[in-house]
Amino acid sequence: MKNQLVIYNTLTRKKELFKPLVDGKVGLYVCGPTVYSDSHLGHARPFITFDLLFRYLTFLGYKVRYVRNITDVGHLENEAEESGEDKITKKARVEQLEPMEVVQKYMNTFHRNMEQLDVLPPSIEPRASGHIIEQQQLIDSILKNGFAYEVNGSVYFDVEKYNEKYHYGKLSGRNLEDIRTNTRRLEGQDEKKNSFDFALWKKAAPEHIMRWPSKWSDGFPGWHLECSAMSTKYLGDVFDIHGGGMDLTFPHHECEIAQSTASQGRDAVRYWMHNNMITINGQKMARSLGNFITLDRLFSGNHELLEKAYSPMTIRFFILQAHYRSTIDFSNEALQASEKGLERLFAAFDALDKLPVSAESSIDVAGLKEKCFAALNDDLNSPIAIAHLFDGVRMINSVKSGSEKISESDLEDLKSFFHTMVFEILGLKPDAAAAQGAGNEIMDKVIDLVLQLRLEAKTRKDWATADKIRDELSGLGVEIKDTKEGFEWSLK
RNA sequence: GGUUCCUUGGCCGAGUGGCUAGGCAACGGUCUGCAAAACCGUGUACGGCGGUUCGAAUCCGCCAGGGACCUCCA
């Protein structure tokens, strides 16, 4: 099974059998967040997507080193009035904070949100600000190889020169001539030989707070450099997988390839993976478009577009129900469908512990497992895996109601499979509040007692009392299910 | 304008040359004192028009509509 994982490589535009460079080990790099404001739903997607990859590779037995950076050196903004000002600096001015205070604040929020979504922390989470020297060294080597030039204390990548020897645009399917005729001319770029050249080092304007000394000027590293520098530092000159959002393909990842190739003669990355966008009313959800919903607001329901709050697990499940290379459209209806589906999945999971065993099975547990893993092996097709999981849900419920049978060994197998698939690989876990029991022993016993009284009322055919208890408890958020043996309850 | 991707039943969303995706919703049934939950059953879905083929939603062409990237962006 381990050698059957196929992933779609953006570089070749084909699904390829995944073979790590070093047997048994995987180097994975994913572009992390720029921490200058709260994370929104759109951000959740790549981190959940690659969390799934990380978890699955680990499950397959690989030793994975997962590096996901924090961009805490602001990137240039190109808004007309404020050109040259850095996103983090700008925000700092607005909030009267130190830039690193801004960084810390939003980094904390990001980490909290990721934990809520059950996104595992990466093996290494390097910060751009902590790797200025490495970035400068990378600039040195690109300069030495003749693929960059210095102007007024800034260093730019010479795309034309690079393209004479290599292909600039191979990842995004462009060629330099197309880029030349179609690149918009921007203000304040007179220093560059060509508009498509990009900065490796930028001299800081006097008001620019975030700055570091260098042999070229007091300034800051270019937009694309940190990923090239940090990925190879921790994963080696060549490593297995580089992931990120589709919108980063050009220019960010294209520039990363150019930088690595210019400094070491070949690309550092073997498999490029890109997740698609989350849309809202068919349009990309993005900070710059103003149509985003932050994760905190999704979790609290505090947003005009939200009919209610959605739990982190609902969000995670919603995202996993679409293939990572497809767009997924946000709507309350879709989210509520996911929420109910997830409840059903967890209910079946709970039922696993109470299933009656028979001498033989009438259901095919081995086949179910095989189908789920085949789906994940096919470019991480989580929606198909989940569809099969729901077949498993039906099996469980049918065994529970007596219309199907399961043997003891199959039941053990099914339990362990569900645990692995749902918790370990998909990273879904029941929300604490929704878990069985009130989390308070006295409360649990009180509810049990009241329901016991209701059961007695039912035995007396005192339907009025029985229904009153059910309605009242229901109003308090206690959901009651009558069973043959008596009752089950859970908190909503 | 250039590059590229997409259009699936009420909603979301897989798939792919012939065999039920799945979830949610809806309807009918079983169970139940009534519910809830669960189970069973019910949808002639693949943007339009042509073409290839024994057969296309799936391949090709054209048309219509939409998205992404080309500028910071997950």
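Only a predicted model underlies this, so the values are computations on that prediction, with no experimental measurement involved. Proteins get letters first, then strands, A, B, ... in listed order; numbering begins at 1 in each.
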What is the separation between atom [atom1] on [X] and atom [atom2] on [N], rounded to the nearest whole Å?
X        : N     : atom1 : atom2 : result
A/Glu256 : B/A74 : CD    : P     : 14 Å
A/His388 : B/U20 : NE2   : P     : 13 Å
A/Glu226 : B/C73 : CD    : C1'   : 14 Å
A/Ile328 : B/A14 : CD1   : C1'   : 12 Å
A/His274 : B/U4  : NE2   : P     : 16 Å
A/His253 : B/C72 : NE2   : P     : 13 Å
A/Glu339 : B/G13 : CD    : C1'   : 18 Å
A/Leu380 : B/A14 : CG    : C1'   : 15 Å

Per [X] side chain, nearest of listed nucleotides [options]:
X        : options             : answer
A/Asn381 : B/G15, B/A74, B/G13 : B/G15
A/Pro46  : B/A25, B/A74, B/C70 : B/A74
A/Ser326 : B/A74, B/G22, B/A14 : B/A14
A/Phe318 : B/C12, B/C24, B/A21 : B/C12
A/Gln321 : B/A74, B/G23, B/A25 : B/G23

Could you measure between the two [atom1] atoms, the one in [N] and the one in [M], and give it in whole Å?
N     : M     : atom1 : result
B/C49 : B/C12 : C1'   : 29 Å
B/A35 : B/C27 : P     : 14 Å
B/U8  : B/U20 : C1'   : 16 Å
B/A37 : B/G23 : P     : 15 Å
B/C6  : B/C59 : P     : 9 Å

Side-chain ion pair, A/Asp471 and A/Lys468, N-O less than 4.0 Å: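 Here A/Asp471 does not pair with A/Lys468 in a salt bridge, since their nearest N and O are not under 4.0 Å apart.
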
Proximity to RNA chain B (any heavy atom under 4.0 Å), residues of residues 305-312 of chain A only: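 Hits under 4.0 Å, by residue number: none.
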
Describe, in one word, how the ring planes of [X] and [Y] are oriented to each other, choosing from parallel (under 30°), tilted (30 to 60°) and perpendicular (over 60°).
X        : Y        : result
A/His253 : A/His274 : tilted
A/Tyr168 : A/Tyr162 : perpendicular
A/Phe292 : A/His40  : tilted

For A/Glu125, side chain to side chain donor-acceptor pair (under 3.5 Å) partners two or more places apart: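 A/Arg68, A/His111.
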
I need the full list of salt bridge (Lys or Arg N to Asp or Glu O under 4.0 Å) pairs touching [range], with sequence neighbours left out, sorted by first then second residue.
range                       : result
residues 243-255 of chain A : A/Asp247-A/Lys284
residues 379-393 of chain A : A/Arg325-A/Asp379
residues 33-47 of chain A   : none

Within the structure shown, what part of the strands sits under 4.0 Å from [X] by heavy-atom distance: base, sugar-phosphate, or nothing?
X        : answer
A/Met246 : nothing
A/Gly173 : sugar-phosphate
A/Gln336 : nothing
A/Arg174 : base
A/Ile278 : base

Working for side chain to side chain donor-acceptor pair (under 3.5 Å), residues A/Ser382 and A/Gln321: CA-CA 6 Å; A/Ser382 53; A/Gln321 271 188 302; over 6 Å; no

Cationic tip of A/Lys308 above A/Tyr310 ring, under 6.0 Å, 45° of axis: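 Yes; both conditions hold, so A/Lys308 lies above the ring face of A/Tyr310.
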
Cation-pi, A/Phe250 ring and A/Arg174 (6.0 angstrom, 45 degrees):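 Flagged: A/Arg174 positioned over aromatic ring of A/Phe250.
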
Contact under 4.0 Å: A/Thr327 side-chain N or O vs B/A68 OP1/OP2: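 The answer is no; no side-chain N or O of A/Thr327 sits under 4.0 Å from OP1 or OP2.
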
Residue met sooner reading RNA chain B from 5', once A/His43 and A/Asp329 are mapped to nucleotides: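 Closer to the 5' end of RNA chain B: A/Asp329.
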
Under 4.0 Å protein heavy-atom contact, by nucleotide of nucleotides 26-42 of chain B - B base, S sugar-phosphate only: -------BBBB-SSS--

Dot-bracket notation for RNA chain B, counting Watson-Crick and G-U pairs under 3.5 Å, with | for partners on another strand: ((((((((.[[[)....(...]]].(((((.......)))))....[[[[[..)....]]]]])))))))....

What residues, two or more places apart in sequence or in another chain, satisfy salt bridge (charged side-chain N to carboxylate O under 4.0 Å, His left out) together with [X]?
X        : answer
A/Lys458 : A/Asp482
A/Asp296 : A/Arg112
A/Asp378 : A/Lys15
A/Lys429 : A/Asp118

Polar contact flag, side-chain donor to acceptor under 3.5 angstrom, A/Arg287-A/Ser37: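 The criterion, which ignores hydrogens and geometry beyond distance, is satisfied for A/Ser37 and A/Arg287.
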
Restricting both atoms to N or O, compile the protein contacts to nucleotides 5-11 of chain B shorter than 3.5 Å, with distance only.
unit_1 : atom_1 : unit_2   : atom_2 : d
B/C11  : O2'    : A/Glu333 : OE1    : 3.4

